Amino acid sequence: KQEVTQIPAALSVPEGENLVLNCSFTDSAIYNLQWFRQDPGKGLTSLLLIQSSQREQTSGRLNASLDKSSGRSTLYIAASQPGDSATYLCAVRLREAGNNRKLIWGLGTSLAVNP
Amino acid sequence: SQTIHQWPATLVQPVGSPLSLECTVEGTSNPNLYWYRQAAGRGLQLLFYSVGIGQISSEVPQNLSASRPQDRQFILSSKKLLLSDSGFYLCAWRVRGVNTEAFFGQGTRLTVV
């Protein structure tokens, strides 16, 4: 059974710091991994999707990597800003016949960037 | 561009009352549609998904039901709400295919009193 874990559960950093959020999964049979951002009381915003054949994806100050064999993904945020404060969630899409429409979710990392 | 609308944003309903949450998607055709519930400390739970009009798959037994009367409309319903139905409900869509992104609505905060 696929399980997704995000560590740490919460993180507080000063503005300007580069930081890394971690996501691990137990079964490497995935199609892709997607990172989301969620502001309090709001819906989820898609940040990056990495296909299983890819090693990384970049968008602005965000860089996500994927090591499928070790079951790990990292989200790197460069030069963090107070506006980056949010909960960051990762989810994997299973490569499993009849079950590939589902995303398996981590519980998220709550990030606070302090001015 | 594609957009997803979900309403209402917040809802307070008495126990035993009916529920109807609506989600519509614009700018795409034949999307896969999803209803999730998010509870504090428990992550996102997939409730229903639909791959076409009238096609609904339920992931967990519960007091809720879903319907897809039109291609880009997805409705979450209940005949009689329970206290345990309180939570944050999210609608999502994605283009068919295995490597397509999921996009979410802004969510509905439901409080059953």
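Only heavy atoms go into these numbers, but all of them, side chains included; no hydrogens, no water, no symmetry mates. Below, chains carry the letters A, B, ... as their sequence lines are ordered, and counting in each starts from 1. Every value quoted in this text rests on a predicted model; they were computed, and no experiment measured them.
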Heavy-atom proximity to chain A below 4.5 Å, by part of [X]:
X	value
A9(B)	neither
T100(B)	backbone
L44(B)	both

>> Check this for me, if you would: do D84(A) and R61(A) make a salt bridge, where the nitrogen-to-carboxylate-oxygen distance has to be below 4.0 angstrom?
In response: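 Looking at D84(A) and R61(A), the cut-off is met.
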>> Tell me if the aromatic rings of Y36(B) and F104(B) count as close, with their centers under 6.0 Å from one another.
In response: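 Yes, they do, as the ring centres are separated by less than 6.0 Å.
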> Which atoms of Q51(A) come close to chain B, meaning under 4.5 Å heavy atom to heavy atom: side chain ones, backbone ones, both, or neither?
Replying inline: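 When you check distances to chain B, atoms from both the backbone and side chain of Q51(A) fall under 4.5 Å.
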>> Under 4.5 Å from any heavy atom of chain B, what part of I50(A) do you find: side chain, backbone, both or neither?
In response: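 When you check distances to chain B, no heavy atom of I50(A) falls under 4.5 Å.
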>> Here's a test for you: under side chain to side chain donor-acceptor pair (under 3.5 Å), which of R37(B), Q6(B), Q38(B) qualifies with Y89(B)?
In response: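 For Y89(B), the side chain to side chain donor-acceptor pair (under 3.5 Å) test succeeds with only one of R37(B), Q6(B), Q38(B), which is R37(B).
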> Looking just at side-chain N and O atoms, do E101(B) and S46(A) make a donor-acceptor pair shorter than 3.5 Å?
Replying inline: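 On atom types as modelled, these side chains qualify, holding a pair under 3.5 Å.
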>> Quick check for you: among A102(B), A92(B), G107(B), which has the greatest number of heavy-atom pairs under 4.5 Å with chain A?
In response: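 With the most close heavy-atom pairs to chain A, the winner is A102(B).
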> Can you list the steps and then say if E56(A) with N63(A) is a side-chain hydrogen bond (donor to acceptor under 3.5 Å, both in side chains)?
Replying inline: CA-CA 7 Å; E56(A) 65 179 81; N63(A) 176 280; 2.8 Å; yes
> Got a donor-acceptor contact below 3.5 angstrom from the Q34(A) side chain to the L49(A) backbone?
Replying inline: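 Judged by distance alone, no pair lies under 3.5 Å.
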>> Which one wins on heavy-atom pair count under 4.5 Å against chain B: L103(A), D39(A), L44(A)?
In response: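 Most pairs with chain B among the choices: L44(A).
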